[in-house]
Structures are given as structure tokens and as C-alpha cells.
Number of protein chains: 2
Amino acid sequence: MASSEKSDNLRGARKARLSRDLVLSTALALVDAEGLDALSMRRLGQELDRDPMSLYRYAANRAALLDGVTEMVLNELAIFPDDPDWQAQLRRIAHDLRLLALRHPNVVPLLVTRPLSTPLGMRPLGTLRPLEQILALLIEAGFTPADALHVYRAYYGFLYGHLLNELQEYIVDPEENEAILRLGLHRLPAKDFPHLRALGPVLADYDGAAELDQGLTILLTGLATQLSPTHHHSDGDAPLEQTGGPR
Amino acid sequence: MASSEKSDNLRGARKARLSRDLVLSTALALVDAEGLDALSMRRLGQELDRDPMSLYRYAANRAALLDGVTEMVLNELAIFPDDPDWQAQLRRIAHDLRLLALRHPNVVPLLVTRPLSTPLGMRPLGTLRPLEQILALLIEAGFTPADALHVYRAYYGFLYGHLLNELQEYIVDPEENEAILRLGLHRLPAKDFPHLRALGPVLADYDGAAELDQGLTILLTGLATQLSPTHHHSDGDAPLEQTGGPR
DNA sequence: ACCTAAAGTCTACAGTGTAGAGAAGTTGTC
DNA sequence: GACAACTTCTCTACACTGTAGACTTTAGGT
């Protein structure tokens, strides 16, 4: 198909210099368009009209390249640690991340999988930024650091779980969705999967945003009964005052 | 360890016939021992003392092999759909699955990732069994099928999220854990990650079971306020009253 | 113009999944 | 036994992968 090689750049148009950002964003575009498997060094090189080996200047190896892609995606997520209404902020972040995941569904496996093979401290910094900022948000709201961590865990755990759930039922394009879904369900032996088969219509229309929001309500109210901001930084911690401080 | 090649089978001991179960369980053993990347057709063939191509009799391709492995792991999970105490049952299943995940940490990426690339109806049946059985459990307990699905989603979403969370902080062996962890954290720039760095000690001891159980309490009590069994079903336990469902 | 360091390229190697054709082994029927 | 039908396993080959190492080209500074 695309064996144009140098014909594109013949007349004067010099090859643009590569940069980590350029490499990562074309990698992301490729993953978005054709899936994770399409992202090979050779293919990406071809996409950039460069020798595959040149990529190693910008990512130590393929794994690092993948990390870079997830970092790039997570950078699209905005967090405002100074918002005093932490619950609203958590809600907003959750919905933002959900939209992000729907926009880059092929990246989600990386998002949930890469951290499993990398000790926390060794992860790309861009990946840890949300964690740090949410901790900041919660501590700022009056939680003790340890409690903030607990809240974060419950929150992010639930959030990731929801994303996995929703994406599992959404991969195919909405047009064929119902057909393929039902076709799939039809394959199931009626003896062994009566309930699942009966739920076909219900499965067909999944309102992810609503489900997420409802889950968040459960979680937040549940959390409120177990932990809440103490609102006066207790027993001897440093005066953590950031009103109008440097960002 | 087991690079015996043919020495085992030298004197008379004829090669045992392969079977899907044998193939899948040695595949699982290999993944448990050396990780997902070690599971190549050639390597697995060598482990079984067979030509790699023979494996294709028992799994259509590598992806199907991976599916088989996850199926095999999920088969270790027992569910009793007749238990009238559905909350206790959900609790028990969650803890069982947690232990399963800790016993096969390298399989967890498959567990959460494979469903993302396979429409629900096309998934291996063994993978859908827990879903069907939990639906049965909930319906048996008096939920309407649609509500059962909602409960299942919230529950499984939370559960998977927790597993991802816990495994992220647990990969390395507990002995080195603290050291490596702290070493990792030390790498983080103090300017950008103050909270995260300060939480080093807290991160070091993570009680997964407790955290999971606490989360389940939050979830179940939260669920009770939004949905409950309508119980026009058989007799037995004392139900919570029905609040006319939202939506 | 020269030097230096960075950026990009070429070649090569060991590994991958798997299609296709064939060989070896197993089983059933006479 | 002999034959056939069928399953299971093996061999060869191909296109593709990540990446080490040595090399060539380019860009900037003085």
C-alpha cells in the first residue's frame, strides 16, 4: 500500500526532525486507528518516514514506547487540586477519564496493564501525576494523608473497574452492536446460560455515564460513613497551607 | 528446572498423548512461573516435548490459547447460585477471586484485558460462567433480572478495580518489597510528588483483604439504598424493603 | 572550514505465529 | 492378519517481530 518511500518528500520538502512528542503522538494515532498490534517499530517508522531504528532515540524499547503512549493519554486528563469541593471534583475527573477511555479504547489495556508490570516508583512520571494530584486534592480537602490514600484507592479502583466493564460491552460500532451482540448471545447454549441470554435487550442499551454516576454516588456516600475530612490538620503535621501558592 | 528435553522419556516411556487440558495447564504453569511473555508456541511445545505445531490441534491460535488459560483459571472459582444469603456469597466470591489472582498474578492482565477485545457472546464459555451464575444468584435472591445485571456490574467492576489496585502494589516479593518500593519512590522529584513520597511507609503495608472487605461493605450498603430484592420470590430470609427503583 | 555531538540509517540475528503438506500413529472392519 | 479411515504429530517455509552494533549523514558552534 504505502510503499511511497521517498516520493512524498522529493521536491524540497525536507523531512521534519523527529521529537519524542511527534513519535508518541503518531504512535497514539496509529493505536487509535488500527489497534495495539499495529504498533510495531517498523510500522511506526514507516508512518514517520524514518528508519525504525531511529525511534530508539526517543524510547528505549517497545515497552517504553507503550508507556509513553499511556503517559500521553493521561496527560489529557486535567485535575484541579485546589478545588474545595472534592466530591464534585472526583465526579468530574471520573467522567473525564471515561470520555478519554472511550476516545482511546485501544489504549485502555495499556492503562490498566502496564502498572502491573512496573513497580510504582519506576513508572513514568506522567502516569503518577493523577495519583499525586488526587492525593493533593483530598489532603487539601482535609483528609489525613493515609485516609486520602484509602479514598484514592477505593475511588480509582472503582473507576477503573467501571471502565473495564463498560468497554467490554462496547467495542463494536453501535450500528452493528445489537446485531452482533444478539448473534453472539444466540451462540450460547440455552441450557447453561438462561439468564444471560434473557438479558440480551437490557445489555443492548448501556448508559455508561449514568451507571458511572450512580456508582460514584454509592461510593461517595459509602465513603462518607467511614471516612471524612477532619478539617483541621490533626496532631502535629506541617502547616499545609497553599492558598494562592505557586503551582 | 524442567529442561529435561527427552531424558524423561528415554527408556520406553512413550510420550503421553496430549489433551487440551494438559496443554492448557502446562501453559498456565509456564505463565505462573515465568510470565506471559514466556508463553510462546515454541516454548510451550518444548515444555511438552512436542513440535510447536501440534499445539494447534488444541487451540486455534495463540489468542485462543490465552483465552484457554484464563478459562482454566476462572474454573478454579466456585459459585453457589442457591445460597439465599447473596451478600455473604458475593463477599466470599470476592475473596476467593482475590486469592486466585494472587496465586496467578501473571494471568490477571489476561483476565481484565481479553474481554476487551472479544464481544461478549464470542467469549469462551468458561469465562461467562461466573457472570451467569452470579446473575442466577441475584435473581434467585429476588432481584429483577435487570437489577441483577446492575448489581453485577457494580460488584464486578469494583472487584476488578480492587484487584488491579492491589496487584499494582504487590508485584515484587515481600522481602524486597519495601526496599524496592522506597528506592522507587526516592527516584521521584520531591518538588512534584510530595504527598506520594510522604506516603512511602503507608504504601509499604497494604492489607488487601481488609481493603477489599471494607470496599465491599461500602458497596453493598450503598447498593441496598438504591436496589433491593423485590422478593415476590420464594420464602426464606428477611428482605430489605423495596424502594421504588430510580430511573 | 573544521570539529563535535546528535540524529538517522544499514545490516544482521535470534525470535515470533502459523499456513501447508506430509508422516506417524491409532482405531475399526473384515 | 490386511486394509482403510481418521486423528495426531512433525517438517519446512515465510513473513514478521524487537533490537544490538557499526556506520553515515546532518546540525551547530566557533
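Hydrogens, waters and symmetry mates are skipped; everything else that's a heavy atom, side chains included, is used. Order of the sequence lines fixes the chain letters, A, B, ..., with proteins taken first and strands second; residue numbering starts at 1 for each chain.
The CZ-C1' distance, from Arg50(A) to dT25(D), rounds to 12 Å in whole Å. Rounded to whole Å, atom P of dC11(D) lies 14 Å from atom CD of Gln46(B). Atom CG of Leu55(A) and atom P of dC10(C) are 14 Å apart (whole Å). Whole-Å rounding puts the Met41(A) CE to dT11(C) P distance at 19 Å. Atom-to-atom, CZ of Arg43(B) to P of dA14(C) comes out at 19 Å; the value is rounded to the nearest Å. Distance Tyr56(A) OH to dG21(D) P: 13 Å, rounded to the nearest Å. Distance Asn61(A) CG to dA20(D) C1': 13 Å, rounded to the nearest Å. Counting to the nearest Å, the P atom of dT9(C) and the CG atom of Leu48(A) are 10 Å from each other.
If you find the closest nucleotide of DNA chain C to Met53(A) and to Arg57(A), the one lying nearer the 5' end belongs to Arg57(A).
Judged purely by atom type and a 3.5 angstrom limit, Gln168(B) has no side-chain atom pairing as donor or acceptor with the backbone of Leu120(A).
Within the 4.5 Å cutoff, side-chain heavy atoms of Leu65(B) are placed close to those of Met41(B).
Across every non-hydrogen atom of Leu77(B) and Arg129(B), the tightest pair is O-NH2, 3.1 Å.
Remark: Asp67(A) CG to Arg62(A) CZ distance equals 11.5 Å, nearest 0.5 Å.
Checking the phosphate oxygens (OP1, OP2) of dT16(C), a side-chain nitrogen or oxygen of Ser40(B) falls inside 4.0 Å. Regarding contacts with the backbone of dG8(C), a side-chain N or O of Tyr58(A) is found under 4.0 angstrom from either OP1 or OP2.
A donor and an acceptor atom never sit less than 3.5 Å apart when one is taken from the side chain of Arg42(B) and the other from the base of dG15(C).
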